[in-house]
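Step one of this worksheet: look at the structure below.
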There are 2 protein chains.
Amino acid sequence: MAKPKSQAIQARRIRPTIHDVAKAAGVSIATVSRALNSPDSVRKELRERVVAAADSMDYMADSVGKALRRQRTQIISTMLPRLADPLFSAVASAIQETLEENGYLGFVQTSGFDNSNLFDRAKRLIEHGTEGLIIFGRIDDQRLLDYCRAHQLPLLSAYSYFEKSEVPTIGFDNYLATRQLVEMLHTLGHSRIAMISGSDKGNDRQQSRIRAFRDINAELGQEPVIEFTHMDFDMADGGAALRRIMENHPETTALICNRCVIAFSVMVEARRLGITVPEHLSLTGFDDIDYAALFDPSLTTVAVPSEKIGRAAAKAMIARLETGAPLGSRRFETEVILRRSVARPRTTA
Amino acid sequence: MAKPKSQAIQARRIRPTIHDVAKAAGVSIATVSRALNSPDSVRKELRERVVAAADSMDYMADSVGKALRRQRTQIISTMLPRLADPLFSAVASAIQETLEENGYLGFVQTSGFDNSNLFDRAKRLIEHGTEGLIIFGRIDDQRLLDYCRAHQLPLLSAYSYFEKSEVPTIGFDNYLATRQLVEMLHTLGHSRIAMISGSDKGNDRQQSRIRAFRDINAELGQEPVIEFTHMDFDMADGGAALRRIMENHPETTALICNRCVIAFSVMVEARRLGITVPEHLSLTGFDDIDYAALFDPSLTTVAVPSEKIGRAAAKAMIARLETGAPLGSRRFETEVILRRSVARPRTTA
DNA sequence: TTAAGAACAGTAAACGTTTACAAATCACGA
DNA sequence: TCGTGATTTGTAAACGTTTACTGTTCTTAA
């Protein structure tokens, strides 16, 4: 009945345990557990005594002990390229909130922009009892894929959606979104469109956008005009890329920037060069971050339903864990937000 | 020696346990534990057998069992107002990275902008074995303070620094930063300065900035001109506030916006009203987010060393847990980044 | 009054790990 | 050859829970 005497590992336990509550209430630990977890199964009087004792010492059942016994941790972990990025943090935020609302908790870890060595980074997450793993972007690490399959650890690729994917994926389709954007420009009359991209190394988003752009150009029998620009996190120097494009392809009437920050820097440089936006050059960004609307002229972008994606990913994982229903893929629609940075091309005007 | 027979809680354990490794290597679980944790204490031949067995089945020691036995989880949790916010996510990111580098792992939870009912939100974090709690902003929940003191849970207030604080605080001083900003404007010759703030309800940052502004005005015997504007996350409508200020206080030559997004929206409205920045009105933001430099004119702001603050907070907490040294407070300097949105006042020019 | 069944409470085992202690083995000098 | 001490390995207990099983008490009907 009493807490088994033992050489304490620590001088004294800092948090009260179920034994402390049991002693205070004068019942067995089993009764405490029952009173707290399935109140109906213990007599009213005892139950109240237990609850009072528990409250008086701020007792919270230790999830570690509970997890060990139940073999459930209720932990779902997320790996994303960078947390300090409005694109990703919006999705991560929705994930964390959804987890919390459903009684789960989540570790968050950054992976950088290279998904080819995820396993080592994910190890600690798995050790700590991660029951499900949500990873942003395409998963390129075969060891991780093998491990998850072998040990039945649910794995979900989120943020980007992939038509062909080895694992379930929930997100938006960068390829389609780019086609959508180009089509809109075509409809307005643009036929000479260039693209400025950040590095596509290990970045499935840029890769898909570039692939879409190349495909479209191939269909039209045009040489794709693509310039790359160095991106240092949220800063980009699109200026140099813009100058190269205007020099080598002065016929360009519309410019797709694969990230909003690239577009911002291009805008500044354009103004310096005396190129007016949108009269002389139409400009688009991508990923509709809030600032896009505040720029002058406001920036046309592709809006990504970050919040929806995050919630869907978290919910899917929770459902998988609770019902055992296999994870499914899901594609979210993007929307081109037409703003003042885009107009009909100058030749047509 | 053999794994004790028992009715399995689950049909089959998905992750291999130390018993599986022991059986495969033909040794006791104690030897496995030693071979993996203190290799020197086991004979080379056995050690190799154990390691081989462990590797072959991708064995990772379960942190849940380990935590229960060791009474250490190596988990440090962070609560911040909003994850999808460049201000906070930069700090949170630095925290997470520092934790990971040091063998820790972190839960992240959002608290909204009200720190008065933190305890209930923190409960699950504590249950799950949080060894230290980092909370952004001033901690207003007495229950949480009491709990942490009573149960010796290290508690750290991060992001904002407070001169007088019940708990250790690591961050920057909004009061001082505001004074710094106003002084800079004074030096340039501005004497009629107004402020636009977001809601200060439960927001210690806005509170400190407003307090500093009021104090300065009081010292000069001026009535402080402060307008509030509604902020919906990253969008703000500073336009209306600007109009009110220009109408009631046309003598204003400089305007401090308590968040960059406010400044952005003010800039757009100013342009519409034909007020030129900085010739007619100097404008500042706060929290130097990357976009501030990209606007036209580029925005003068106060740079906050987010990364440093995050790393310092995480390191302090880790040191507290590992050496027992009490947590100390630490104030980080901010820096006014003078950009094109600020110039000498028109009257002086 | 008593037997039977229902309702409730307690005992003990188990989850996966580490580690004190005991036991076994080994090396080596007397 | 044997004793001693050092080295290595195994046994078992403990960390904080939950829960199957058992035992006790209470209710109620004969």
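Labels below follow one simple rule: chain letters A, B, ... track the order of the sequence lines, proteins then strands, and each chain is numbered from 1.
- When rounded to the nearest whole Å, the span between NE2 of H19(B) and C1' of dA12(D) equals 11 Å.
- Side-chain nitrogen and oxygen atoms of Q71(B) include none within less than 4.0 Å of the OP1 or OP2 phosphate oxygen of dT17(C).
- Side-chain N/O atoms of Y147(A) and Q142(A) include no donor and acceptor closer than 3.5 Å.
- Between R70(A) atom CZ and dC15(D) atom P the separation is 21 Å, expressed in whole Å.
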Show me the side-chain donor-acceptor pairs of residues 308-316 of chain A shorter than 3.5 Å, one per line, residues at least two apart or across chains.
| unit_1 | atom_1 | unit_2 | atom_2 | d |
| --- | --- | --- | --- | --- |
| R311(A) | NH1 | E307(A) | OE2 | 3.4 |
| R311(A) | NH2 | E101(A) | OE1 | 2.6 |
| R311(A) | NH2 | E101(A) | OE2 | 3.0 |

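- The side chain of T17(B) places no N or O atom within less than 4.0 Å of a non-bridging phosphate oxygen (OP1 or OP2) of dG16(C).
- As judged by a 4.0 angstrom heavy-atom cut-off over every strand, A61(A) is placed among residues touching the sugar-phosphate backbone only.
- Nearest-nucleotide mapping onto DNA chain C: of G65(B) and T31(B), the residue sitting toward the 5' end is G65(B).
- Contacts between residues 36-58 of chain B and DNA chain C, counted as heavy-atom distances below 4.0 Å, involve N37(B).
- Regarding Q74(B), its CD atom lies at a distance of 14 Å from the C1' atom of dT18(C), rounded to whole Å.
- Residue K66(A) places no side-chain N or O under 4.0 Å from the OP1 or OP2 atom of dG16(D).
- Taking atom CG of residue L68(B) and atom P of nucleotide dA14(D), one finds them 13 Å apart after rounding to whole Å.
- H128(B) and F107(B) have perpendicular rings, their planes meeting at more than 60° on a 0 to 90° scale where under 30° would count as parallel.
- Of the side-chain N and O atoms in Y59(B), one or more sit less than 4.0 angstrom from OP1 or OP2 of dT17(C).
- The CG-P distance, from D62(A) to dT17(D), rounds to 5 Å in whole Å.
- Judged by distance alone, with hydrogens and angles left aside, R69(A) brings no side-chain donor or acceptor close enough to the base of dT17(D) to form a pair under 3.5 Å.
- With DNA chain C read from its 5' end, the first of the two nearest nucleotides for R34(B) and M60(B) is the one closest to M60(B).
- Rounding to whole angstrom units, CZ of residue R72(B) and P of dT17(C) are separated by 18 Å.
- Looking at residues 119-132 of chain A, you'll see that no heavy atom sits under 4.0 Å from any atom of DNA chain D.
- Using modelled atom types, no side-chain atom of E131(B) and backbone atom of I76(B) make a donor-acceptor pair closer than 3.5 Å.
- Ring-centre distance between Y161(A) and F332(A): not below the 6.0 Å cut-off.
- Taking 4.0 Å as the cut-off between side-chain N and carboxylate O, E127(B) and K123(B) do not count as a salt-bridged pair.
- Rounded to whole Å, the distance from NZ on K23(A) to P on dG10(C) is 15 Å.
- Within the cation-pi definition used here (under 6.0 Å to the ring centroid, within 45° of the axis), R138(A) qualifies as a partner of F162(A).
- Note on ring orientation: taking the six-membered ring where Trp is involved, the planes of F113(A) and F88(A) are tilted (angle from 30° to 60°).
- Defined by atom type and a distance below 3.5 Å, a donor-acceptor pair is present between the side-chain atoms of S116(B) and D114(B).
- Look at CG on D20(B): it is 11 Å from C1' on dG16(C), rounded to the nearest Å.
- Using a 4.0 Å heavy-atom distance criterion, S33(A) is classed as a base contact.
- At a cut-off of 3.5 Å, with distance as the only test, a side-chain donor of T130(A) or S77(A) sits close to an acceptor on the other residue.
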